[in-house]
Amino acid sequence: MYILPDDSIFEIIARVAEREEVEAYVIGGYVRDYILGREHPEKDIDIVVLGDGVRMARNVAREIGHGTKVTVFKTFGTAMFRSGIYEIEFVGARKESYSSNSRKPAISPGSIEDDQNRRDFTINALAISLNRKNFGEVIDPFGGLHDIKNKILRTPLDPEATFSDDPLRMMRAIRFASQLDFTISDETLASIKRNAERIRIVSAERITVELNKIIATKSPSKGFMLLEETDLLPVILPELSRLRGVEDKEGKGHKDNFHHTLMVLDNVASGSEDIWLRWTALLHDIAKPITKKFVQGIGWTFHGHEFIGAKMVPEIFSRLKLPLNDRMRYVRKLVGLHLRPIALVQDEVTDSAVRRLLFEAGDDIDDLMLLCEADITSGNRMKVRKHRENFALVRRKLKEIEEKDAIRTFQPPVHGDEIISAFGIKPGPVVGIIKTAIKDAILDGVIPNEHEAARMYMLEKGKELGLTPG
Ligand code: ATP
Ligand code: MG
């Protein structure tokens with residue numbers, strides 16, 4: 001089969017390859033995505049040359065001109081440059097050999113076959129010739145084209161060696177399955193299961209990159225089911241794995257919180273691309289196993305799982321080397337608040353309860369509402385309908401109160417120094433007491449969120465506390 005994207009960059013590489021008398025091939029992800037016709041194909045192009053990759057990169061960059069700047073990665077023997085929308089990386093074809101305690105192989109120059117042998121999946125081992133003799137020919141030693149057509153992920157060589165050599169490939173298998181909606185072949189899947197423990201030799205950073213790519217897919221539940229099925233999940237995120245299973249007592253069961261969580265994750269994913277909001281879905285019930293209790297006459301309870309769950313977030317983020325910045329605080333906050341909108345609709349939807357929720361959620365209120373609606377996974381259609389109607393009511397109220405009171409970006413209408421100078425007092429706990437009283441009065445609708453009203457209220461509160469103005 002002959003194919004090649006109609007792009008002058010390949011013509012340029014071919015021209016240089018011929019002049020320099022080296023063979024060059026496009027290989028890997030670019031070829032795969034091009035054949036798949038993926039809507040947003042990776043714009044990084046990997047070029048393998050039989051010879052010196054760095055030298056080739058320099059020659060091609062010179063041919064392109066326009067001051068194209070080559071970056072060389074000495075330790076990897078690779079070089080890259082940007083050209084238009086592309087990021088093009090060059091490497092000399094190589095052979096790899098692994099030792100048992102590291103995923104970093106010893107490398108030596110090799111043939112194009114050697115280079116294809118070191119690739120992780122048949123669909124990632126496809127190469128396209130850029131050489132005059134067979135320009136555009138697909139070099140497919142492992143049936144990668146067939147596997148693309150049948151949507152199958154399979155290792156080119158023995159899967160045991162492939163995964164044992166570099167266990168990160170197990171994560172990549174599941175990531176590609178989820179991302180491309182492919183099936184992992186039985187033999188490959190069984191091998192992942194046998195090698196799952198070896199994922200421990202891979203750094204948390206590398207695992208997390210793949211985990212986030214799984215979370216970013218259209219229905220991430222597919223990837224997480226595979227992670228669980230292959231026994232990788234208990235190693236990389238045991239808290240999530242522990243959500244699985246149901247317990248029965250006195251004829252009362254509870255839902256399987258693993259499957260529930262994955263449904264919530266997919267629901268959120270269908271409403272938002274934001275991976276951090278998706279993380280909140282993944283972790284919203286994470287403390288259910290810890291807080292689970294069977295109460296006579298009531299059944300299963302998970303009291304406080306939202307607060308305990310929120311407390312678990314920093315630990316999980318730190319272990320997975322996820323950022324410990326405002327993204328972490330956002331996930332922690334939403335996990336902690338995830339029951340609030342639903343609690344609101346179960347009671348009466350009072351203005352003051354809505355204001356308090358707006359105050360605590362701030363600008364994340366819309367995300368919280370999305371999470372909370374995604375959390376309704378009951379099989380009971382009447383119940384679901386009722387919940388959704390109540391949600392519509394809460395949304396209306398939120399809008400109404402937000403327009404009226406601007407609570408979302410709440411700033412105290414009376415500041416500490418104003419309190420200090422009004423009563424001629426020194427800074428101290430009493431200032432905080434008055435500030436809190438003002439805030440509560442606003443949230444409870446006793447006074448409007450305005451300076452003059454708040455000032456009057458401050459004077460009143462001060463009097464109660466035995467202070468006199470002046
Ligand atoms: P994407 O860019 O969407 O992550 P990709 O397949 O292009 O997918 P890259 O990490 O860019 O992945 O790697 C480019 C190519 O290098 C892959 O297609 C594959 O042939 C090879 N490759 C990458 N990582 C590994 C690995 N851990 N083991 C074996 N081959 C790999
Ligand atoms: Mg790539």
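Atoms within each ligand, like the ligands themselves, are counted from 1 in listed order. Bear in mind that the values here come from a model prediction, so they are computed numbers and not experimental data. Note: hydrogens, waters and symmetry copies are ignored here, and every other heavy atom, side chains too, is used.
No part of F163 comes within 4.0 Å of ligand 1, judged by heavy-atom distances. Counting heavy atoms closer than 4.0 Å to ligand 1, residue N124 contributes atoms from both its backbone and its side chain. Residue-level proximity to ligand 1 for R175 is carried by the side chain, the only part with a heavy atom below 4.0 angstrom. For D33, no heavy-atom contact with ligand 1 is shorter than 4.0 Å. For R118, every heavy-atom contact with ligand 1 shorter than 4.0 Å involves the backbone, none the side chain. When heavy-atom distances to ligand 1 are checked against a 4.0 Å cut-off, D44 comes that close only through its side chain, counted from C-beta outward.
Between E63 and R19, at least one side-chain nitrogen of the basic residue sits less than 4.0 Å from a carboxylate oxygen of the acidic one, meeting the salt-bridge criterion. A salt bridge does not link R340 to E306: none of the charged nitrogens lies less than 4.0 Å from a carboxylate oxygen.
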| said: Working note: L324 + M328, criterion side chain to side chain contact (heavy atoms under 4.5 Å, CB included); need CA distance, chi angles, decisive distance, verdict. | reply: CA-CA 5 Å; L324 291 171; M328 184 281 284; 4.2 Å; yes
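Set against the non-hydrogen atoms of D46, the atoms of ligand 1 under 4.0 Å away are 14 (C). Heavy-atom proximity to K213, at under 4.0 Å, picks out these atoms of ligand 1: 4 (O).
Not one N, O or S atom of D46 sits under 2.8 Å from the Mg ion (ligand 2).
Screening K255, K293, K252, K292 for a salt bridge (charged side-chain N to carboxylate O under 4.0 Å, His left out) involving E247 leaves a single residue, K292. For the salt bridge (charged side-chain N to carboxylate O under 4.0 Å, His left out) test with D181, the passing option among K218, R175, R38, K222 is K222; the others fail.
Ring to ring, Y330 and W276 are not that close: their centroids are 6.0 angstrom or more apart. Separation of the Y30 and F10 ring centroids falls under the 6.0 Å cut-off.
Ring geometry, F121 versus F163: the interplanar angle falls from 30° to 60°, so the pair is classed tilted.
Distances from atom 24 (N) of ligand 1 to the heavy atoms of R32, M170, R172, Q116 put R172 nearest.
Remark: the backbone N or O of G144 is paired with a side-chain donor or acceptor of D140 at under 3.5 angstrom.
When the N, O or S atoms of D44 are ranked by distance to the Mg ion (ligand 2), OD2 comes first.
For the ligand labelled ligand 1, residue F176 lies inside the 4.0 Å heavy-atom shell. Using 4.0 Å as the threshold, D166 has a heavy atom nearer than that to some atom of ligand 1.
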